[in-house]
Every structure is written in C-alpha cells, then in structure tokens.
Amino acid sequence: MAQVEKRGGLLRKSSASKKPLKEKVVLMYDEIFMTEDPSKCSPRFWEELFLMKVNLEYLEGKLESLDGEELMKIKDNINCLFQHCIKALGEEHPIRVVNALQTLCALIRGVHQKNKSTSGFDIINMLMGFDKAELCMKNLMESLDSLLCAEGSESLKSLCLKLLLCLVTVTDNISQNTILEYVMINSIFEAILQILSHPPSRREHGYDAVVLLALLVNYRKYESVNPYIVKLSIVDDEATLNGMGLVIAQALSEYNRQYKDKEEEHQSGFFSALTNMVGSMFIADAHEKISVQTNEAILLALYEAVHLNRNFITVLAQSHPEMGLVTTPVSPAPTAPATPLGTTPPSSDVISSVELPLDADVQTSNLLITFLKYSSIVMQDTKDEHRLHSGKLCLIILTCIAEDQYANAFLHDDNMNFRVNLHRMVVLFCVKPMRHRKKAADKNLPCRPLVCAVLDLMVEFIVTHMMKEFPMDLYVRCIQVVHKLLCYQKKCRVRLHYTWRELWSALINLLKFLMSNETVLLAKHNIFTLALMIVNLFNMFITYGDTFLPTPSSYDELYYEIIRMHQSFDNLYSMVLRLSTNAGQWKEAASKVTHALVNIR
C-alpha cells in the first residue's frame with residue numbers, strides 16, 4: 001500500500017497522480033467557515049463533530065487567515081459552534097468533552113487574534129452573541145466547575161484548567177478582557193481551593209490552579225470589587241493554605257535547583273578555569289549564561305497570598321524537607337496543551353517529595369527560605385527590565401513580610417534557626433568590581449534566626465548594585481525592609497546577634513556612591529530621599545541601639561565605624577548644605593538631610 005502522509009489536515013498518498021484528501025474533521029471545519037448553517041444538510045453534524053479528534057492547528061490557522069469582515073459573515077456559525085461546545089461539556093462520553101474543551105481553546109485564541117482596532121467586532125458578540133452571552137458563560141462556568149470538582153479523569157481536569165488559563169491570558173492586559181466579567185459573576189473559587197486542599201489533585205493540577213487564582217485576583221483589582229480578592233482574603237482552612245504554599249515552594253525550588261545545576265556546570269567546566277585565569281573580561285558572559293527563565297506567575301501568586309491573607313503568613317514558616325534532596329518515582333502526567341503563560345510547572349518528582357516524612361539526615365527548609373534563595377538569584381542581575389521587575393516584586397513581598405507582626409515573631413525566634421545558603425555574585429560591574437570576592441562555603445554557614453538571612457540579602461543587594469544604571473526604586477524598597485525589621489527589634493527589644501558592621505559599612509559605601517555620582521544620578525533620581533533613609537537608619541542605631549544591639553561592644557563598634565568614616569558624613573553634609581542654600585529644585589529635599597545629620601555630626 002502507498003504510504004499515507006498527514007500534513008496540515010490533509011491525507012495524501014505518496015502517488016502524485018491523486019488529489020490530496022482531507023481529514024473528515026477538516027471538511028467539517030470548512031463547512032463551519034461557510035456562510036450557511038452546516039446542520040441544515042446534516043442534522044447530526046454537531047454530534048459527529050465532537051467525536052472527531054480536534055485539529056487545533058488547522059482550526060486556529062483558518063481563523064487567523066480570515067480578516068475581520070470575513071469573520072463577521074460567519075458569526076452565526078461561530079456562535080453555534082461555541083454553544084454546541086458548551087453543550088458537549090455535559091455529555092457522559094469523555095471523548096466529546098475532551099474535544100469540546102480543545103475546540104473552545106482554539107476558538108477563544110483564534111477570535112482574540114482578530115481583535116484588532118480595524119476588525120470592528122466585539123469578542124463576546126463574535127464568540128456567543130450579546131443576547132446569549134450571559135447564559136452561555138453561566139453554563140460554561142458551571143460545567144467547568146462540575147468537571148473540576150468531580151472525581152473523574154485527571155486529564156479532563158487538566159484541560160479545564162488549561163481552558164480557563166487560555167481564557168484569562170488571551171489579552172496582554174488582563175483588565176481589558178471583558179469576558180472575565182462573567183468569570184467574576186460565576187465563581188470557580190471553591191473548585192480551585194478544592195484542588196489545593198487535596199494532595200492527589202494538588203500534585204497533578206496545583207501549579208495551574210495557583211497561577212489561575214493569582215491572575216483572577218488581578219482582574220480590575222483597583223477599579224471594582226473583585227470577588228476572588230474578597231474570598232482569598234478570608235480563607236482560613238489550614239489544608240488549603242498549606243497546599244498553596246507547597247505549590248509555590250515547589251515551583252521556586254525547581255527554579256533554584258535549575259540555577260544551581262547550571263552554576264555547577266560552569267564552575268566545573270574548562271570555561272570556568274579559563275575565566276579564572278584571564279580575569280573579568282569573560283566573567284560577565286559566564287554569569288549571563290547561568291541565567292534561568294524566571295517565574296513571575298508563581299511570584300505573583302506568592303505576593304497575593306502574603307498581601308491579602310494574614311493566615312498565609314503562618315505557611316511561610318511550615319517546615320518540610322529540602323526539596324530536590326529526596327526523590328520518588330515519577331508518575332506519568334496527563335497530556336495537555338502547553339501552558340499559555342510560557343512558564344513550566346515543576347516536575348512531579350519535586351511535587352511528590354514534600355509529602356515524605358522528615359528525615360534526620362535531610363536539611364529542613366520552608367517556603368520563606370526557598371523564597372529568599374530565589375530572590376538572591378533574581379536580584380543579582382537587574383540590568384534588563386524583565387529581571388528588574390522580578391526583583392522589585394521580590395522586594396515588595398519582603399516588605400509585606402517585614403510589616404507583619406507574626407512574620408517578625410518567627411523571623412526573630414531564637415528557637416527557629418536555619419542554615420540559608422544565599423547565592424552571591426563573585427564579580428560585578430560596579431564602581432569597584434570585587435574580583436577577589438569568594439562565596440561562603442555551604443558547610444561553614446551558621447544556623448541563625450531567619451531575619452539574619454533577610455538582612456544578609458539586603459546587604460548583598462546594597463553592595464552589588466552601585467552601578468551606572470542605578471536601580472533607585474529597588475534601593476528604596478531594600479532600605480525600607482531593613483527599617484521595618486529594626487522597628488520591630490526596637491519595639492520588642494530583640495537583641496539580634498548579627499554582624500551589624502557589614503550593614504553599616506554597606507550603607508556608608510552607598511552614601512559615598514551617591515556623592516561621587518551626584519551629577520549623573522540627580523539627572524534621573526531624587527537621591528536625597530535615599531540619603532535621608534540611610535541617615536535615619538544611623539539615627540535609629542545611635543538613639544535606640546542600646547535597646548536592640550546585642551552587646552555594649554556592638555554599640556562601641558557603631559561609634560567607631562561612624563568616627564572612622566567621618567569624612568563621608570562631612571562630605572554629605574557639605575553637599576546637602578550647598579544644595580539647601582541654593583534656590584534649586586532640590587532645596588527642600590536636601591534641607592531634610594541636613595537636619596537629619598545633626599545626631600551623626
């Protein structure tokens with residue numbers, strides 16, 4: 001027999017003498033794209049359609065090939081297809097349901113692609129018609145809710161979540177996606193929580209469920225009442241919150257593992273040896289090659305959970321084995337379309353590992369430690385805009401944590417000591433590159449309260465980002481985190497055994513950097529806001545240090561450091577005095593720093 005080849009919906013024999021034959025499902029699609037109702041000639045048309053395997057490539061390509069006017073001519077058929085897809089979701093036959101879900105994905109993506117200003121049609125009207133939109137979406141959301149909550153096929157649940165993610169992410173700006181109004185009215189919040197609270201479903205679908213929830217929470221969050229925000233803020237079920245925390249921890253841990261693997265590859269290879277000999281000329285390239293695709297979707301989910309739900313703060317400290325150190329057999333995952341966000345969920349062995357009992361030989365971790373390690377990687381390189389925003393989100397999350405009373409309690413708890421191995425930059429293109437800076441060995445890291453790791457991360461950021469493209473916003477947020485932690489220590493008289501000299505030295509070097517680059521920085525930023533925050537931190541140490549510094553000798557070290565670096569403070573005073581006596585735009589901002597320097601001087 002002649003070999004049959006399948007390509008673009010065509011079935012053709014290898015013989016060139018015969019015309020190519022089309023799949024039956026492709027012929028049926030072609031009928032839908034005609035102006036006449038396809039069910040007129042074939043009453044069982046819609047029933048047969050959902051028994052055929054979906055050809056997503058052909059269907060989406062067909063929609064893409066039509067212009068706005070051509071699409072409007074077949075609007076009735078598109079409406080009919082959409083409605084029959086929803087109807088098929090209620091069928092008992094799983095093949096019909098699977099094909100209906102995949103067809104809906106293709107329709108939603110394909111029609112949104114045509115939603116340009118020149119097309120002149122509304123998405124809702126094009127997909128289902130204004131008059132039937134409310135009923136259609138109600139039926140669709142109820143069907144999806146039932147499929148997600150039922151004890152049925154995991155593949156079906158996966159497809160339901162992919163469809164919802166497709167629906168949510170078809171527009172660049174989620175708040176401009178008007179179809180989501182119906183998702184707000186017909187909530188699937190409880191179905192998402194059910195997935196997160198049950199370990200088997202969480203292992204299969206937890207990642208998609210958490211990302212979906214994070215996206216729905218952000219729909220017009222500042223413009224109107226979003227029911228998903230309200231509901232998320234009052235969740236108090238321990239199993240659900242822990243489930244959400246585990247999914248986030250798994251995704252961040254997977255990123256950390258991938259980065260560490262790539263880092264070790266570079267360190268053990270010939271290229272690493274070569275760069276060590278040659279110097280900094282190639283080291284920047286080596287650092288760039290280590291970069292791993294960041295996961296903003298899961299970071300957004302962590303922010304929303306920490307920001308909206310005070311009960312979630314307890315999840316940050318829940319201990320579990322260090323992910324990646326224990327493994328279990330991998331179970332086959334259901335086949336499903338690629339996630340529309342372009343982010344890859346963690347593998348099932350990583351997801352399963354956290355369900356294992358604690359082992360005395362396995363280093364314990366928690367979500368906060370995993371997040372701090374993730375932040376230490378992301379915040380290393382803020383040169384491109386993408387990583388800059390990712391680093392900003394990390395600092396916003398840390399600010400939320402530093403503001404919370406309960407979070408501060410476990411951060412400063414002497415009975416909760418952990419060894420946190422933060423990632424550090426070896427060589428940087430700053431004002432003074434630290435070519436001989438070495439990474440701390442894992443084995444030499446002491447077990448300390450978690451607040452020490454947070455302060456280490458802030459000091460690391462301060463020291464390593466004094467560069468030409470100065471990330472002012474990130475520096476302000478970084479100093480704010482330190483200030484909030486000191487406020488808690490002062491209020492609760494917590495005497496933290498920390499190497500404060502490193503923080504003081506970093507802050508003074510930052511002041512020196514601001515002064516030495518005054519002209520360049522003032523053209524873009526108000527550096528006096530940052531300078532004032534730094535000076536106020538020193539004022540806090542001087543005035544209230546006796547309430548939270550660990551020993552009298554720490555207080556002596558503070559005075560020694562200020563006196564040793566007195567020239568820097570004198571230079572700062574001269575600079576702000578000069579600008580505060582001139583009638584320029586910085587007069588008021590500079591005068592505030594002048595007054596704040598009284599204690600130090």
Side-chain angles (χ1 to χ4, degrees), residues 196 210 213-214 217-218 221 228-238 240-249 252 298-320 365-376 378-379 391-418 420 422 448-459 461 474 476-496 498 503 533 536-537 540 544 547-548:
L196 296 175
V210 165
L213 182 57
V217 162
N218 278 276
K221 65 188 298 186
Y228 289 87
I229 292 177
V230 178
K231 290 179 179 181
L232 179 58
S233 65
I234 58 175
V235 173
D236 58 1
D237 179 65
E238 190 177 345
T240 303
L241 293 173
N242 285 340
M244 188 184 301
L246 281 172
V247 172
I248 294 169
L252 296 180
I298 214 73
L299 208 58
L300 179 65
L302 176 59
Y303 165 71
E304 296 299 351
V306 170
H307 174 62
L308 293 174
N309 192 304
R310 289 208 66 222
N311 299 315
F312 188 79
I313 293 294
T314 61
V315 176
L316 294 173
Q318 290 283 341
S319 293
H320 56 68
S365 184
N366 57 41
L367 175 54
L368 181 58
I369 292 172
T370 306
F371 169 66
L372 289 174
K373 289 180 180 179
Y374 178 91
S375 300
S376 69
V378 170
M379 288 162 58
K392 181 179 177 180
L393 189 48
C394 287
L395 284 167
I396 291 172
I397 293 168
L398 281 171
T399 304
C400 292
I401 293 169
E403 285 174 343
D404 187 88
Q405 187 79 5
Y406 179 79
N408 268 304
F410 73 71
L411 280 174
H412 292 84
D413 190 345
D414 273 332
N415 297 315
M416 290 179 63
N417 293 328
F418 292 90
V420 184
L422 299 176
R448 304 175 297 170
L450 285 172
V451 68
C452 296
V454 178
L455 288 169
D456 282 349
L457 182 61
M458 297 301 98
V459 169
F461 180 83
L474 300 195
V476 169
R477 293 180 187 280
C478 177
I479 302 299
Q480 282 174 344
V481 170
V482 175
H483 180 255
K484 290 176 192 301
L485 294 174
L486 291 180
C487 285
Y488 176 83
Q489 291 167 24
K490 168 186 166 290
K491 179 184 173 184
C492 299
R493 294 180 176 268
V494 177
R495 296 189 181 277
L496 182 69
Y498 182 72
L503 174 63
M533 293 173 74
N536 282 340
L537 280 184
M540 199 168 179
Y544 303 107
T547 65
F548 62 84

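Along the sequence shown, residues are numbered consecutively beginning with 1. These figures come from a predicted structure and were not determined experimentally.
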[atom1]-[atom2] distance between [X] and [Y], expressed to the nearest 0.5 angstrom:
{"X": "Asn218", "Y": "Leu300", "atom1": "CG", "atom2": "CG", "value": "4.5 Å"}
{"X": "Cys478", "Y": "Leu457", "atom1": "SG", "atom2": "CG", "value": "7.5 Å"}
{"X": "Lys392", "Y": "Thr399", "atom1": "NZ", "atom2": "OG1", "value": "11.0 Å"}
{"X": "Leu486", "Y": "Leu455", "atom1": "CG", "atom2": "CG", "value": "7.0 Å"}
{"X": "Leu316", "Y": "Phe410", "atom1": "CG", "atom2": "CZ", "value": "4.5 Å"}
{"X": "Leu372", "Y": "Ser365", "atom1": "CG", "atom2": "OG", "value": "9.5 Å"}

ask   = Under 3.5 Å, side chain of Asp404 to main-chain N/O of Cys400, donor-acceptor pair present?
value = no
request  = Measure from the side-chain N and O atoms of His412 to the backbone N and O of Asn408, and report whether any donor-acceptor pair falls under 3.5 Å.
outcome  = yes
State, yes or no, whether a side-chain contact exists between [X] and [Y] at a heavy-atom distance under 4.5 Å.
{"X": "Phe548", "Y": "Leu496", "result": "no"}
{"X": "Phe371", "Y": "Leu299", "result": "yes"}
{"X": "Met244", "Y": "Glu304", "result": "no"}
{"X": "Asn242", "Y": "Gln318", "result": "yes"}
{"X": "Ile401", "Y": "Val481", "result": "no"}
{"X": "Leu411", "Y": "Leu485", "result": "yes"}
{"X": "Val420", "Y": "Asp456", "result": "no"}
{"X": "Val459", "Y": "Tyr498", "result": "yes"}

How close do [X] and [Y] get, counting heavy atoms only, and between which atoms?
{"X": "Met533", "Y": "Val476", "value": "CE-O, 3.4 Å"}
{"X": "Ile248", "Y": "Ile298", "value": "CA-CG1, 4.0 Å"}
{"X": "Tyr488", "Y": "Ala409", "value": "OH-CA, 3.4 Å"}
{"X": "Asn311", "Y": "Asn309", "value": "N-OD1, 2.8 Å"}
{"X": "Asp413", "Y": "Asn417", "value": "O-OD1, 4.1 Å"}
{"X": "Met379", "Y": "Phe461", "value": "CE-CD1, 3.8 Å"}

inquiry  = Parallel, tilted or perpendicular, judged at 30° and 60°: which one describes the rings of Tyr303 and His307?
reply    = parallel
ask   = Looking at Thr370, Leu393, Leu367, which one forms a side chain to side chain contact (heavy atoms under 4.5 Å, CB included) with Leu302?
value = Leu367
inquiry  = Checking Thr314 against Leu241 for the side-chain contact (heavy atoms from CB on, under 4.5 Å) test, could you report, in this order, the C-alpha distance in whole Å, the side-chain angles of both residues, the deciding distance, and whether it holds?
reply    = CA-CA 9 Å; Thr314 61; Leu241 293 173; 5.6 Å; no
query = For Lys491 and Gln405, what are the C-alpha separation, side-chain angles and deciding distance, and is it a side-chain contact (heavy atoms from CB on, under 4.5 Å)?
reply = CA-CA 11 Å; Lys491 179 184 173 184; Gln405 187 79 5; 3.8 Å; yes
request  = Can you sort out the partners of Tyr544 under ring-ring contact (aromatic ring centres under 6.0 Å, His included), two or more places apart, ordered by chain and number?
outcome  = none
